[in-house]
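These numbers come from a predicted model, not from an experiment. To find a chain, count down the sequence lines: A is the first, B the second, and so on, and within it residues start at 1.
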Amino acid sequence: MFWSQLYVPTLRETPAEAEVVSHQLLLRAGYIRQLAAGIYSYLPLAQRSLLKIQQIIREEMEAIGGQEMLLPALNPAEIWKESGRWDVMGDNMFRLKDRFGRELCLGMTHEEVMTSLARGEVRSYKQLPQIWYQIQTKFRDEPRPKSGLLRVRQFLMKDSYSFDLLPAGLDVSYEKHRVAYNKIFERCGLKFIAVEAHSGAMGGSQSHEFMVESNAGEDLVVVCKSAGYGANLEKAVSRPVAPAAADDETARDPEEFSTPDQKTIAELVAFTGVAATGLIKSIVYVGDEKPYLCLLRGDHQLSETKFSSATGAVEVRPAHPAEIQDWFGAAPGSLGPVGVKNMPILADGALEGRHNLIAGANKDDFHLRNVTPGEDFTAVFHDLRQVAEGDTHIETGAPLKIVKTVEIGHIFKLGYKYSESMGLKVSDQDGKEVTVIMGSYGIGVERILCAAIELFHDENGMSMPASIAPFQVVITPANYLDAAVKAAGAQLYKECKALGLDVLLDDRDERPGVKFKDAELIGIPYRITIGKKLPNGIVEVVTRRGRISADVAVSEAAAHVAQLIRG
RNA sequence: CGGGGCGUGGCUCAGCCUGGUAGAGCGCCUGGUUCGGGUCCAGGAGGCCGGAGGUUCGAAUCCUCUCGCCCCGACCA
């Protein structure tokens, strides 16, 4: 490809609307343009890069026996009603009606269509297992699209679905995907981690997310290198930091004391002089319309996900102040477990075995000291708290780190959720009907591009991994009007092509500075500069990442680059 | 949906408070110049100031409504 014939509208200045680096650079480097909030056009550079990503995905999916299909993006309401997700998806689903008033939607994921397809086709256990996948546009009406291509309303997803007769088969399909995903992201040149994840509204038992560490990310992940542990914050478990002071373990009875206007933990700490670890935080949560009193150590936060798991409740919300007044006869800020009989009391494990703590008295402006779990109230202990900075690994005690990440892939063991609700069954060996067990596995294609940019950029622009860069190498003749330089450029271009390199020749009549800046902005990993050393038969091969330059004989330059790429 | 910010040539922005001939830099076009890190010189094109209504002799500027975009939060397979 010749640069003069390629549409690459680079910008000298960063567009004002872009905040995160990948968004700024995608716009500046002429990869994308915005059409509306969360809706983008992909220009030639982005498209080339995305096609390379998709090709890597295809190869690795084929390697585990995945079969590519293409399902409709336009879905009838019926199948979504069957699975129950027509209602569950709420406003996140784009909905429309056809001319006869029939309800349709744009697919935001394809469990329903895949299951519907499979139940019409698969009859026998002999046809299992199957892994079906597609790379297709998904539509989600995000409440707040943001960060360029990171959170959008229309995007490409590789989604695959496995169908197995038995749970052990699902384990195999799941493991195949886990391995394939590792290969895909490695081949895309990313630094990533696989972490345990919460299955959320997808249902199912086991789930891993593939995450790239980045400040532009929205997910918090807990990692411990030495223990080899990684989990989404929603799911992560830890050993809490020790209480600031040892408990007084003598047997004492709760004793009320006045705490005028002291409502928050911080205020109580200042007022009593007792560290937050010596306080009990009481939070009232409603799960499926039933109230629960949740107790945490003063310095801990409740995890809604864990509350949901502990209670089995699907719909979860904090209690309204009026409800709390009604149930406790006191306002939030003075609540506590002592004497509570009208709702279950759940306590976080960090309170187990503690003595003589401070808790609310269920009387405005009063608290109790000397409250001891198990003696002054009974609670069921669960892991309810969110992992906090400073916590350590639950087994090894090694330090945990909380990092911000971008989710690029997610694999789920779905179990029977969709096959059950939609009736996907096969005959087993004995001629008996058996419900098929499913898995579902997703990759955000554009997010790989974004993550690569977030990971690899500098003040001059992107520094794309060679495997997914729009071009592998750019030839930059410093002065294209110089006949010898121009001829060398043409020759090198031919040689690169012959070696199978994806090469771009910058044939524009621009100043060298402009060409260097542009090449670095769009992130081409290798550059061959033809300039003043040409009379000596020398050109420069420059590695974008680190701007490492090597003088190479013209005749060897193409091979040298091929070596760098393959090496 | 709550809070905040912003809409003025392709891009970045000034002008608005205090109403009176729409500006700059970059980019683009033409000619010349230069050629290893966004050359320099000269000339030129391009904007109903997001939209509608109102106040006024007169509105980019003041008022009302509306649309769009961005950020924080809520939400989130």
d([atom1], [X]; [atom2], [N]) in whole Å:
X        : N     : atom1 : atom2 : result
A:Glu142 : B:C75 : CD    : C1'   : 9 Å
A:Lys532 : B:G37 : NZ    : P     : 7 Å
A:Phe516 : B:G38 : CZ    : P     : 10 Å
A:Asp141 : B:C1  : CG    : P     : 11 Å
A:Ile528 : B:G36 : CD1   : P     : 19 Å
A:Lys517 : B:C26 : NZ    : P     : 17 Å
A:Gln24  : B:U12 : CD    : C1'   : 13 Å
A:Tyr7   : B:C28 : OH    : C1'   : 11 Å

Output the single nucleotide from [options] whose closest atom is nearest the side chain of [X].
X        : options             : value
A:Lys146 : B:C71, B:U12, B:G36 : B:C71
A:Val514 : B:G36, B:G38, B:C70 : B:G38
A:Ser147 : B:G36, B:C71, B:C76 : B:C71
A:Leu481 : B:G36, B:C35, B:G37 : B:C35
A:Asp509 : B:C70, B:C35, B:C71 : B:C35
A:Glu13  : B:G36, B:C11, B:C70 : B:C11
A:Arg12  : B:G27, B:C75, B:C69 : B:G27
A:Arg144 : B:C76, B:C70, B:C72 : B:C72

What nucleic acid atoms does [X] come within less than 4.0 Å of, heavy atoms only: base, sugar-phosphate, or nothing?
X        : answer
A:Thr14  : sugar-phosphate
A:Asp91  : nothing
A:Arg527 : base
A:Arg33  : nothing

Strictly by modelled atom types, are [X] and [Y] linked by a side-chain donor-acceptor pair under 3.5 Å?
X        : Y        : value
A:Thr405 : A:Asp219 : no
A:Glu407 : A:His410 : yes
A:Tyr181 : A:Lys158 : yes

Report the base-pairing partner of [N] (Watson-Crick or G-U wobble, both distances below 3.5 angstrom), or none.
N     : answer
B:C1  : B:G73
B:A45 : none
B:G68 : B:C6
B:C17 : none
B:U33 : none
B:C62 : B:G54
B:A24 : B:U12

Taking the [atom1] atom in each of [N] and [M], what is the distance between them to the nearest angstrom?
N     : M     : atom1 : value
B:G5  : B:A45 : C1'   : 34 Å
B:G7  : B:C17 : P     : 14 Å
B:G50 : B:A74 : P     : 33 Å
B:A59 : B:G20 : P     : 11 Å
B:C26 : B:C62 : P     : 30 Å
B:G53 : B:C72 : P     : 36 Å
B:G3  : B:C57 : C1'   : 41 Å
B:A22 : B:C1  : C1'   : 39 Å

*asked:* When you measure from the side-chain N and O atoms of A:Gln34 to the phosphate of B:C70, is any distance below 4.0 Å, counting only OP1 and OP2?
replied: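 The answer is yes; a side-chain N or O of A:Gln34 sits under 4.0 Å from OP1 or OP2.
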_N or O in side chain of A:Arg511 less than 4.0 angstrom from B:U34 OP1/OP2_ =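 No, A:Arg511 has no side-chain N/O under 4.0 Å of OP1/OP2 on B:U34.
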*Does A:Arg544 make a cation-pi contact with A:Tyr526 (under 6.0 Å, within 45 degrees of the axis)?*
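No cation-pi geometry.
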_Cation-pi check, A:Lys138 onto A:Phe155 ring (under 6.0 Å, within 45° of axis)_ =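 No.
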*Should we count NZ of A:Lys486 as having more than 12 external heavy atoms under 6.0 Å?*
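No.
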*asked:* Tell me if a side-chain donor or acceptor on A:Thr115 pairs with a main-chain N or O of A:Glu111 at a distance below 3.5 Å.
replied: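 Here the side-chain-to-backbone pair exists.
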*In terms of side-chain geometry, is the basic nitrogen of A:Glu520 or A:Arg527 positioned less than 4.0 Å from the acidic oxygen of its partner?*
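Looking at A:Arg527 together with A:Glu520, the answer is yes, because their closest N to O distance falls below 4.0 Å.
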